[in-house]
2 protein chains.
Amino acid sequence: GAGADNDLYINQAVVFIEDAIQYRSINHRVDSKSLWLYRWYYSRTCQWILSLTITVILALAFIEEPSSLTITSDVRYRLPAWNPPCGLTESIELLCFLVFVVDVSVKSYLIGWKEFWKNKWLMAYILTLIVSLTDWIVSLSFFCKESVRVRRILRPFFLLQNSSMMKKTLKSINSTLPEMASVVLLLAVHLSLFTMFAMLLFARTKDNQQDKEWVVYFRNLPESLTSLLVLLTTANNPDVMIPAYSKNRAYSVFFILFTVLGNLFLMNLLTAIIYNQFRGYLLKSVQSSLFRRRLGIRAAFEVLSSLKETPASAQQSCVSVGALLQVLQKAEMDSRCKQAIMRSLKMCSCDQLSAAQFQKLFEELDKDAIKQHPPSPEYQSHFMQKVQFAFGHPYFGYLGNVVALANIISICVVLVMDADKQPSERDDFFLGAINCFFILYYLLEMLLKILAMGFKRYLSYPSNRFDGLLTVILLILEIATFAVYGFPHPGWRPEFMGLLSLWDMVRLVNMLIVFRFLRIIPNMKFMALVVTTLLDLVKNLRAFAGILVVVFYAFAITGIMLFKGAIVPLGNTSAANTTHDNGTVQCGTYEQLEYWPNNFDDFAEKNVISWCSAHFQAEVIYYLLYVLSVHLICRWAKIYFVAWWLISSVIWVNLFVALLLENFIHKWDRRCQRESLSDIEYQRTVELMFRDVLEEPTEEELMEKLHQHPHLQLCR
Amino acid sequence: GAGADNDLYINQAVVFIEDAIQYRSINHRVDSKSLWLYRWYYSRTCQWILSLTITVILALAFIEEPSSLTITSDVRYRLPAWNPPCGLTESIELLCFLVFVVDVSVKSYLIGWKEFWKNKWLMAYILTLIVSLTDWIVSLSFFCKESVRVRRILRPFFLLQNSSMMKKTLKSINSTLPEMASVVLLLAVHLSLFTMFAMLLFARTKDNQQDKEWVVYFRNLPESLTSLLVLLTTANNPDVMIPAYSKNRAYSVFFILFTVLGNLFLMNLLTAIIYNQFRGYLLKSVQSSLFRRRLGIRAAFEVLSSLKETPASAQQSCVSVGALLQVLQKAEMDSRCKQAIMRSLKMCSCDQLSAAQFQKLFEELDKDAIKQHPPSPEYQSHFMQKVQFAFGHPYFGYLGNVVALANIISICVVLVMDADKQPSERDDFFLGAINCFFILYYLLEMLLKILAMGFKRYLSYPSNRFDGLLTVILLILEIATFAVYGFPHPGWRPEFMGLLSLWDMVRLVNMLIVFRFLRIIPNMKFMALVVTTLLDLVKNLRAFAGILVVVFYAFAITGIMLFKGAIVPLGNTSAANTTHDNGTVQCGTYEQLEYWPNNFDDFAEKNVISWCSAHFQAEVIYYLLYVLSVHLICRWAKIYFVAWWLISSVIWVNLFVALLLENFIHKWDRRCQRESLSDIEYQRTVELMFRDVLEEPTEEELMEKLHQHPHLQLCR
């Protein structure tokens, strides 16, 4: 009937509006039941459950065998870690898989079968699930004793497929690959030509004293390649040059040429290429989000305009205000926006809305929320008004900064004086006394500010919240200290009592004070700009960070599978002894440098190694290579580490630089405009940053897209 | 008289045209004698003498005491270097100073006294000369025994003041300084806060086994600062983290946080700021060059239009073609341009030229020289024509590349096979034989190409010149080898004869073959693009490189003065013994790592050190610091090295990245256009790269500037 039809149209409009708000695609089924399922699937609870499941399955790596539940990762000291019994992590895994199965079925149903066959991500999702479940069954049938677990490497895929931003970013990275591959090829040519040159230049001579360079770095082809590759990461510069340079100054020309060409030119060329490719990336992604929003709103308009109550005689399609109000009441959206739209709907006296008016109403969604601080309390007493003026004045805040600086300096002085004292000689009285004084001042400052501004207004400033929270924590710590150890007095050096020693308490207080000093940031203009840029960047970087997590995870799991147990403490095995048959520990080896904690025996460990090596640092690589070559898996390890270095350090760092440049330059160009508006605090989003360069989609584009909708049949 | 006036005007026009060609300012004296002096001063000979003088005075550092004239710079092995007798370098220096005195007087005279007082560079030039001469007198009166020579630090100024590009670049860098200073301040705050945190975190504990971190890296404030500063350069990552990480995994959070904030964010922020500042730099400088050119031509037009022969009745000022021809004959310019202008002058039938026509004539100067290759010879014989077709075809070139690749691979195979052989076991027959074969092929290829293309056409391609030259050198080397050692046969291992041993000859030949392999570059599209970008970059970077040389020079000389003799070979002095009183060499110290060649005892040495440390490498700094701290000049050394790291590594590398990004992105955007023109080889200049974005200066701007000329009085 018409009533049921109308209900369906209203529901469709509600879902389309919600799609527009969340920048979702509108290409899903639109019948009543599917709409209910769709709203249920995208409800907060469901999405939260899905995110939790992904987190749980990724976090499993930390507790699975080999678990990371030891304090140290040093193979020499650590106790055998607690490993969960067989079946515990597996049953959690099964639960997660079941959630994913539900997820993939709902998703596939909602987009419809026709679309499903075009969607490669969904197919891959199903494939991954099938492989994981098979592997799970194999695992259980071996009672968890099997060594290779394919499903652990596949896990990050679940994170990847759940985020549309990450999928988009991956596509972008993918399109840059051909050019990156060219530069990498160029690097490879550069490396191989220089390797041949080096082998010819630093050949073995008859005088054994003279060819140190040959012995250490250019003994054979793989070793020469490795030496120069490590030089490309600058990790063994200038070590690799020294023996040759010591022989003749002219040899330095070779190394300088190699570094200039490789590091300065080719590496930076990679940055340039990636930056060039990503220059428009943010803009393009914001543009497509805008298109999705406009499309959703337009779709809502179209379905509402086909409601039966509309006068059929009207030339132009239009929507009645009543229907829109109904939709608004049903739709889930920010209450501020909802109220603003209602208000403008009431102000507009007309009964019918055209498409343009309809779009205009929803422009409220794109607007910044202007944050208004609650007013200060109004005191009657003249004295109180004066107090309010004095302590509400910015100068009082500056005084607070000066006091915080004084506190920092006093801590610094004490640290310098105590630097060489034995712990038993240390007198905690002085530090205790000054900290006590400063914390009292901080408390007073907080109370006076609350008095002057009122509690609500005080809390509405983020800097005050930061300040207040730290002051309260400091106060609690200080009271606890006095409760346990009594008041400070000269020669105050009590014995260990309770949870923490006095010295630890004092250290903790001091660290918090140092941390509290960060409150000065908003007071310095340039710093504030930099910090806001960085915060923006963090928001925009979520997709990249996600992809990095995926890569880290896959590499870590692969590393564990390949190299687990490859590093054994000295003296435990005969393998280690063969390398050091002269009885002493050689300089520059893994053992001498005490890189023990760096091994591949668990997951947390591997991530930290990855981290280190990511930052232009191949030293770990180098020393690990040394040990690994002893264990005869040298070749695999080399390929593994070179791949890791290329992906994490070279490509990811360059991507990061490209995004930073993009963000920063946009922000910088906009600085002048913002300065005039600095009184009003905006809640800035990526979309707003680009507002003035975005192009509105045209009516034709929107309608064309709507007519391509696989499930929605528009009347006209 | 009118004739003398006319002569003067013609001469003025000639000079203005030459100014326009060389992009020089026209603000100089314009009377007859000054014009003569001006042309003499800017004549090739004079400018060449000036450049030579600057080179000589800068190169003096290599032969002055302490001279770099030893093969090795290793203090343990090197013999006492030859030092020039007192008075030799000093007299060369005096000659240079006299040239500079002439230079500065001519320059000052030519711009006129009024302008002189506004020109800070000239004042500084005079001041530098006065200080240098005074120092020179002091030096001679001490018979060269004085230790501090101020004039050596001042020398790079002579290089700086002679290049207008460098002065402009310096101005640009100067305007970026405030923002760079902000980031450096931010870095300093970051560093100091984290240092305090680290000192609190890694405090001394009662258990001596447990506080390795404290002992090695965070013993006191200066040491903690140094540790974290070195971590910022990533040179001691992950070493600095290992002891703490070995104790507890959680400590890695501190180091990761420090590195992410410092290295990834703040350091790249610096890149972003510098890139942002330099984005328009190239364009702006090209724009101002264009303005100078147009101004020079306009000035020439104005002076020519006031010639007496012009009909006074004409409303618009104009220039007679005859006068212009006279000017063109006198002016020194590229003969191709001159002929092109003459040609279009003849084609234009009019007798008088307006300002616009005049400008248009000289647009020939901005145009690319289209390089035309001489035609191939035309052979009568049918057979020869077939031969010409076959060997002139690109496929023949590709075949040559394949053969070169085969040669490289064969060398590679021999190298791998011979890698572990003793020099006495090595058989040079195989390598000798294949090299002989390949060199014969190269010779044949060259001859056939010359036959097909004709000698002139062959030489007109740069790749052929490169190829041919290397082939000829290889041939000469091969013939020399056979002449000295006879033809290769199995077991060919002759004794050492002549200048080089057979093995050295073979190595040299192989290196040249590897080098010759670079001929493949133009055949690969992307590689060709990258290489042309890099070549362009090198052109644009001259000013930056000059400034880098200035900074290098100043730092090197300062380093020599401060730290000369600070590093002494082990066992030579008691100072070295005090640090190693346990009798053995400690791991990780300067001695163990054999950094002997890195010291400050001469100039070439210092430049190499600077080079190493410039590239994100603070290891040298670190170990030098270790030794220097022993010598009690620790503080100065630290400040010196931190300054050096900031200037060379941080700022200069970022400048370089900024320029590379700028250049590359321009080039990349233009790639599509160029592909269509790829048949014609252009001689590209920076100016041409920006042609389509440059703005032509307006008539009003030009005339306003002309009326501000301090010496030229225009009639109207």
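Heavy atoms only: backbone and side chains are in, while hydrogens, waters and symmetry mates are out. Below, chains carry the letters A, B, ... as their sequence lines are ordered, and counting in each starts from 1.
Contact of Phe265(A) with chain B is made through backbone and side chain together, with heavy-atom distances under 4.5 Å. In this structure, the portions of Leu201(A) lying under 4.5 Å from any heavy atom of chain B include both its backbone and its side chain. Heavy atoms of Leu261(B) lying under 4.5 Å from chain A are absent altogether. For Val189(A), the part lying near chain B is the side chain, with the backbone staying farther off; criterion is any non-hydrogen pair under 4.5 Å. Both the backbone and the side chain of Ile408(B) come within less than 4.5 Å of a heavy atom of chain A.
Side chains of Val260(B) and Ile256(B) form a contact here, defined as non-hydrogen atoms less than 4.5 Å apart. In this structure, the side chains of Ile273(B) and Asn654(B) stay at 4.5 Å or more apart for every pair of heavy atoms. The shortest distance between side-chain heavy atoms of Leu661(B) and Leu661(A) falls below 4.5 Å. Contact of the Val657(A) side chain with the Ile274(A) side chain is not registered, since no non-hydrogen atoms from C-beta on lie closer than 4.5 Å.
Of all the listed residues (Val514(B), Leu185(B), Leu518(B)), the one sharing the greatest number of non-hydrogen pairs under 4.5 Å with chain A is Val514(B). Taking Thr195(B), Asn510(B), Thr271(B) one by one and counting their heavy-atom pairs under 4.5 Å with chain A, the maximum is reached by Asn510(B). Contact tally against chain A (heavy-atom pairs below 4.5 Å) for Ala272(B), Ser224(B), Ser192(B): the top residue is Ala272(B).
Interatomic distance, CG of Asn268(B) versus OH of Tyr275(B), reported as 14.5 Å (0.5 Å rounding).
Taking the six-membered ring where tryptophan is involved, the planes of Phe254(A) and Phe194(A) are tilted, since the angle between them lies from 30° to 60°.
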